[in-house]
Amino acid sequence: MKKTIVMMAMALAMSMSGMAQEQNRNNRPDKAQMAQRQTEWMVKQYQLNEEQSKQLLELNTKYAATNAFGMKGRRPMGQRGQMGQGGNRRPERQMDPSMEAKRKERMQQREQQMKEYEAELQKIMTEEQFAAYQKNKQQRADLPKVKTKRESTQTQQ
């Protein structure tokens, strides 16, 4: 009797955690929502007027659709590398040359798209607003990067 109750409680707990994870996946904002949020933040941050706000929303929506902001290729939470939970645990292992070439090409495409985005953004913003945007961008780039759990365990070994 006790075993049956314990087994039922474990099954219930596992099914509840699975449902909670599924809800989190479904609650993620889509690209249009992300563009809207980014626009709202930028309007507030740089004190953009109504016309600038409309133009910026169009621009952000356009670039969110082209995946210029790095949204493509992101795996849903819970999916990991082929080796299981830890993924590739051997830091000495090199990436396949064809994969490395594809990665570099994607990075170059994103850099080009960001240059195009900023060129269009500069047309929308005033000189002062764009200077503030560039200053904030540089400050974000200068922030120390937070190590992931994997990186911190690799440096400890």
Side-chain angles (χ1 to χ4, degrees), residues 14-89 91 93-155:
M14 286 191 290
S15 67
M16 294 292 281
S17 68
M19 288 182 358
Q21 288 177 0
E22 188 63 36
Q23 278 184 333
N24 285 341
R25 285 188 201 121
N26 293 338
N27 290 338
R28 289 190 185 145
D30 64 2
K31 293 176 183 178
Q33 291 170 329
M34 292 296 289
Q36 179 66 36
R37 287 182 186 174
Q38 182 178 10
T39 301
E40 290 170 0
W41 180 84
M42 290 177 76
V43 166
K44 187 176 181 180
Q45 181 74 23
Y46 305 113
Q47 293 102 26
L48 303 181
N49 64 33
E50 186 82 21
E51 184 61 32
Q52 288 174 315
S53 174
K54 289 178 186 176
Q55 292 174 346
L56 181 62
L57 179 59
E58 289 176 20
L59 180 65
N60 287 341
T61 303
K62 172 185 169 184
Y63 278 89
T66 63
N67 298 311
F69 300 123
M71 295 177 69
K72 184 177 184 209
R74 296 181 81 178
R75 293 183 290 186
M77 289 186 64
Q79 290 185 358
R80 299 188 187 258
Q82 292 180 342
M83 292 183 68
Q85 288 188 352
N88 182 4
R89 293 180 189 254
R93 186 173 173 182
Q94 296 295 315
M95 187 182 291
D96 178 23
S98 64
M99 294 293 287
E100 181 68 19
K102 287 179 184 179
R103 186 185 67 81
K104 285 183 180 179
E105 182 181 334
R106 284 192 309 268
M107 285 177 56
Q108 289 174 344
Q109 286 175 347
R110 278 201 189 113
E111 287 175 14
Q112 181 61 35
Q113 288 174 333
M114 284 306 294
K115 286 179 185 177
E116 293 170 7
Y117 172 82
E118 289 181 352
E120 291 183 50
L121 183 63
Q122 191 171 10
K123 294 175 186 175
I124 294 171
M125 293 179 151
T126 65
E127 288 182 32
E128 296 82 19
Q129 291 167 334
F130 191 71
Y133 166 81
Q134 288 181 317
K135 181 180 177 186
N136 285 345
K137 182 181 172 187
Q138 185 60 45
Q139 287 174 343
R140 286 190 308 269
D142 292 342
L143 288 175
K145 292 188 177 183
V146 177
K147 286 187 177 181
T148 65
K149 189 174 183 180
R150 180 187 293 173
E151 290 171 339
S152 63
T153 58
Q154 286 177 354
T155 56

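Bear in mind the structure is a predicted one, so any value in this text is a computation, not a measurement.
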Hey, can you pull the donor-acceptor pairs under 3.5 Å for the side chains in residues 41-50, sequence neighbours left out?
| unit_1 | atom_1 | unit_2 | atom_2 | d |
| --- | --- | --- | --- | --- |
| Y46 | OH | N136 | ND2 | 3.0 |
| N49 | OD1 | E51 | N | 3.1 |
| N49 | OD1 | Q52 | N | 2.7 |

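Remark: Q139 CD is packed, more than 12 non-hydrogen atoms of other residues, nucleotides or ligands lying under 6.0 Å away.
Remark: the Q109 side chain and the Q113 side chain contain no N/O donor-acceptor pair separated by less than 3.5 Å. For the residue pair Y133/E118, the side-chain donor-acceptor check at 3.5 Å is satisfied. If you check the side chains of Q129 and T126, you find a donor sitting under 3.5 Å from an acceptor.
Across T39 and S53, no two heavy atoms sit closer than the pair CG2-O, 3.9 Å. Nearest heavy-atom pair, L57 versus T61, reported as atom, atom and distance to 0.1 Å: O-OG1, 2.7 Å. The two residues Y117 and Q38 come nearest to each other via the heavy atoms OH-NE2, 3.9 Å.
R37 and E40 are not joined by a salt bridge, as no carboxylate oxygen comes within less than 4.0 angstrom of a charged side-chain nitrogen.
R103 contributes atom CZ, which lies 12.5 Å from atom OG of S98 (distance to the nearest 0.5 angstrom). If you take CD1 on I124 and CG on L56, they are separated by 5.5 Å, rounding to the nearest 0.5 Å. One finds the CE atom of M114 at 9.0 Å from the CG atom of L121 (value rounded to the nearest 0.5 Å).
Contact annotation: the side chain of Q112 never approaches that of Q108 to less than 4.5 Å [non-hydrogen atoms, C-beta and beyond]. Side-chain contact between K62 and E120: present, with at least one pair of heavy atoms (C-beta onward) separated by less than 4.5 Å. Residues Q33 and D30 form a side-chain contact, since some pair of their non-hydrogen atoms from C-beta on lies under 4.5 Å apart.
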(message) The test is side-chain hydrogen bond (donor to acceptor under 3.5 Å, both in side chains); show your working for Q138 and Q134 and say whether it passes.
(response) CA-CA 6 Å; Q138 185 60 45; Q134 288 181 317; over 6 Å; no
(request) For side-chain contact (heavy atoms from CB on, under 4.5 Å), just list the numbers for E116 and Y63, CA-CA rounded to whole Å, side-chain angles, deciding distance to a tenth of an Å, and then say yes or no. (result) CA-CA 10 Å; E116 293 170 7; Y63 278 89; 3.2 Å; yes
